Amino acid sequence: MVSFQCPYCGVGCGLLWEEGRVRGDKNHPATKGELCKKPVYYPKVMKKGRLLKPLYREKKNQPFREVDWQTAYKVLKQKIERLRGEELYFYLSGQLMTEDIYVANKLAKGFLKTNNMDANSRLCMATPVSAYKLAFGSDGPPCSYEDLDDADCFVFAGSNALWTHPVIFKRILKRKLEREDVKIVVIDPIRTETAKRADMYVQLRAGTDTALFNSILYVLYDKGWVNKEFINNYVEGFEETMEECLKYPPTVASRVCQIEEEQIYKLAELYAFSKKLISLWCQGLNQSSQGVNKNLSLINLHLATGRLNERGCPFSLTGQPNAMGGREMGYLSNGLPGYRDVRREEDRTFMEDFWGIERGSIKPQPGPAITEAIDLILKGEIKFLWVVCTNPAVTLPNLRKVWEALEKVFLVVQDAYWNDTCTFANLILPAAQMGEKEGVMTGSDRTITVCRKFSEPPGEAKPDWIIFKELAEYLGYGRHFPYRDSKEVFEELKLSTKGRLCDISNFNYQQLPRRWGKRWLYEELSFPTDSGKAKMFPTPYEHKDADFILITGRTKNQWHTMTRTGKSEELLKGEEEPYLLMNEEDARNLGVLEGDFVEVIVGDVSLKLKVRLGQVKRRHLFAPFGYGLAYEAVVNALTKDVCDPVSKEPELKFTSVNLRVRDRRLSLYEVEG
């Protein structure tokens with residue numbers, strides 16, 4: 001019997017592997033034996049479609065040929081040594097283990113002297129990271145899962161948690177069964193399965209969350225329901241924030257959000273009078289060009305009402321299984337281990353001394369975000385891209401541009417499976433995955449789980465950290481990467497967190513699973529900001545016009561681009577093909593029936609998708625993003641790469657599109673019937 005963490009969403013479920021079967025670990029402190037169906041089928045998909053040997057081709061119009069690892073490392077060494085640091089780029093994943101991330105980050109930022117590194121957390125968690133840092137001074141959820149067990153109100157904003165974080169939602173439903181007065185609120189343009197189980201459902205217009213939250217704060221202030229004592233003692237920025245919020249009375253916000261005024265007042269009452277209220281949100285707020293303001297406007301409600309610790313929490317739901325570990329190790333373009341930042345001289349100096357490298361080796365400017373890197377590739381300024389355990393040929397926005405960049409750059413893909421990005425690669429490196437290597441991951445509530453090995457990697461696949469270590473040896477840095485096993489990597493990386501908010505310096509594998517920080521991260525209401533107080537920020541709302549609004553997201557049983565889960569017949573059932581969810585009244589006015597194909601158009605890009613009818617707000621559409629190139633319906637070809645100015649997270653939840661039905665382009669008049 002071997003313990004590990006689920007390799008899918010960010011809940012961080014503790015699992016057990018026994019005789020080829022997976023079950024929940026009842027002794028795991030975070031999830032207590034609960035799990036969803038995806039990991040149950042992990043044994044069936046582990047070995048399917050695996051990469052077994054390194055593959056290489058100098059030019060993309062040539063066939064791949066198998067090479068040995070020594071040849072692969074020689075190719076990498078040759079390419080890297082011929083290029084300057086700013087011409088290299090590393091794109092990592094929240095599905096890697098913390099040890100993998102640490103060694104890659106050390107090699108790139110410390111020894112190759114480039115901050116040209118980002119991770120697919122840029123597509124999901126960069127926004128709440130930015131908002132948490134602005135509001136509280138540091139990244140890290142202020143509460144833990146225990147707070148789900150005694151709260152009496154749960155507000156889900158832009159989160160279909162029943163699909164995306166099912167174990168968390170199940171825990172909340174259990175709480176509701178215990179107490180009839182527990183309330184569940186869902187704010188979403190789509191009446192999701194989560195919304196169907198809510199006591200209150202707010203079907204707002206996509207993208208208007210900031211206007212809604214500002215209006216709730218307006219009501220709280222107008223009714224005298226703000227917590228003045230808490231604000232005076234622990235918060236700054238309240239007056240400036242209220243100046244903006246006073247522009248959003250319910251009469252205004254209800255028109256902007258296309259909801260009833262009564263719903264705004266009811267939400268304000270919940271924030272004012274609930275015993276303990278938890279706000280939970282995910283990509284509906286994050287994947288937006290206004291994402292940081294959306295996050296901050298929700299956090300403002302908690303700060304204005306004193307809803308921290310025993311009274312509640314703004315709880316960002318993490319997307320990937322180790323996005324938290326990646327953030328702790330600083331795998332975004334500005335990060336360094338221990339929640340450090342390349343822009344701070346003391347942080348750079350500490351890590352330079354810690355890694356034993358010359359002062360000034362770590363550059364003070366953050367590298368470009370991945371969407372910016374795509375532009376730099378097209379300009380010829382980035383010539384080498386190393387993608388690890390992620391599939392940007394499907395997941396990035398504005399995919400026509402991405403595909404052009406992937407064709408142009410020397411591309412290394414390091415993964416356990418053949419994925420869509422491999423079709424653009426020059427060098428493919430087979431990697432071990434969960435169960436075939438050892439290491440740690442951090443779940444959404446800061447619980448770190450050690451993942452034990454229970455299977456040998458197939459073929460010549462290697463753990464990711466070993467690949468980076470062995471390359472470091474080829475580059476002449478071997479004495480700085482002396483690790484014999486993942487435990488030795490962990491023993492080093494944990495010391496980089498000593499004295500930091502995410503301090504795990506006294507942890508060891510034998511003590512895990514274990515949560516860092518206290519149950520409440522800011523138990524004393526002292527925050528790592530310049531003033532020691534939490535901060536509220538004015539959050540203006542920017543309106544966007546659209547005939548139809550396309551929202552992208554996940555299906556219930558599939559994970560990201562279906563590289564693993566799509567190999568399970570059980571998980572694929574009912575989700576075998578792409579689709580377009582459409583409002584029934586819109587469909588009736590347009591003469592569209594369930595099963596018809598509709599052409600979705602953005603500029604000169606169009607996709608044909610089969611229509612499903614459902615309870616989505618009028619003039620809103622939903623399509624899952626995870627279907628790859630083989631389906632000829634890669635939805636992110638329609639999305640644009642406009643990003644939030646602070647977090648640089650792309651707008652994936654609001655794309656203005658047109659429709660064509662049976663060669664007839666539709667007008668707005670027809671849509672409105």
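In this chain, numbering begins with 1 at the start of the sequence shown. In this text the structure is predicted, and so the values were computed from the model without any measurement.
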Any side-chain to backbone donor/acceptor pair from [X] onto [Y]? Under 3.5 Å, distance only.
X: R122; Y: D118; value: no
X: K648; Y: T371; value: no
X: K133; Y: D139; value: no
X: D100; Y: M97; value: yes
X: H560; Y: Y8; value: no
X: K653; Y: I551; value: no
X: T31; Y: G14; value: yes
X: Y89; Y: L376; value: no

Could you tell me whether [X] and [Y] have a side-chain N and a carboxylate O separated by less than 4.0 Å?
X: E328; Y: R340; result: no
X: E87; Y: K383; result: yes
X: E577; Y: R612; result: no
X: D188; Y: K617; result: no
X: K556; Y: E575; result: no

Full working for side-chain contact (heavy atoms from CB on, under 4.5 Å) between Q290 and D209:
CA-CA 10 Å; Q290 303 175 50; D209 312 82; over 6 Å; no
Could you check whether any side-chain heavy atom of [X] comes within less than 4.5 Å of a side-chain heavy atom of [Y], counting everything from C-beta outward?
X: L621; Y: L581; result: no
X: C502; Y: W516; result: yes
X: N419; Y: Y417; result: no
X: L396; Y: L123; result: yes
X: K437; Y: D464; result: yes
X: S333; Y: M117; result: no

Looking just at side-chain N and O atoms, do S121 and Y331 make a donor-acceptor pair shorter than 3.5 Å?
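Yes.
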Could you tell me whether the side chains of S647 and T127 share a donor-acceptor contact shorter than 3.5 Å?
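Short answer, yes.
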For the residue pair Y627 and Y631, does the interplanar ring angle fall in the parallel (under 30°), tilted (30 to 60°) or perpendicular (over 60°) class?
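Perpendicular.
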Aromatic rings F424 and W403: how do their planes relate, parallel, tilted or perpendicular, breaks at 30° and 60°?
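Because their plane-to-plane angle is under 30°, the rings of F424 and W403 count as parallel.
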Knowing that exactly one of V605, T552, V657 qualifies, which makes a side chain to side chain contact (heavy atoms under 4.5 Å, CB included) with T639?
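Passing option: T552.
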Please test N322 against T98 for side-chain hydrogen bond (donor to acceptor under 3.5 Å, both in side chains), starting from the C-alpha separation and ending with a verdict.
CA-CA 7 Å; N322 199 32; T98 304; 3.1 Å; yes
Output, in order, the C-alpha distance, side-chain angles, deciding distance and verdict of side-chain hydrogen bond (donor to acceptor under 3.5 Å, both in side chains) for N293 and T210.
CA-CA 7 Å; N293 273 353; T210 304; 5.9 Å; no
Pair T539, N214 - check side-chain hydrogen bond (donor to acceptor under 3.5 Å, both in side chains), show working.
CA-CA 8 Å; T539 52; N214 284 348; 2.8 Å; yes
Could you walk me through whether M434 and C451 pass the side-chain contact (heavy atoms from CB on, under 4.5 Å) check?
CA-CA 8 Å; M434 177 65 70; C451 305; 3.7 Å; yes
For the residue pair W386 and F468, is the inter-centroid distance of their aromatic rings smaller than 6.0 Å?
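Yes; F468 has its ring centre under 6.0 Å from that of W386.
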F169 and F156: aromatic ring centres closer than 6.0 Å?
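Yes - the distance between ring centres of F169 and F156 falls below the 6.0 Å cut-off.
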Between N391 and T421, does a side-chain hydrogen bond (donor to acceptor under 3.5 Å, both in side chains) hold up when you go through it step by step?
CA-CA 6 Å; N391 193 9; T421 307; 2.7 Å; yes
Run the side-chain contact (heavy atoms from CB on, under 4.5 Å) test on N426 and V412 for me, step by step, so that the C-alpha distance in whole Å, both residues' side-chain angles and the decisive distance to 0.1 Å come before the verdict.
CA-CA 6 Å; N426 297 90; V412 182; over 6 Å; no
Kindly determine whether W465 and Y102 satisfy side-chain contact (heavy atoms from CB on, under 4.5 Å), including the steps that lead there.
CA-CA 8 Å; W465 70 266; Y102 175 80; over 6 Å; no
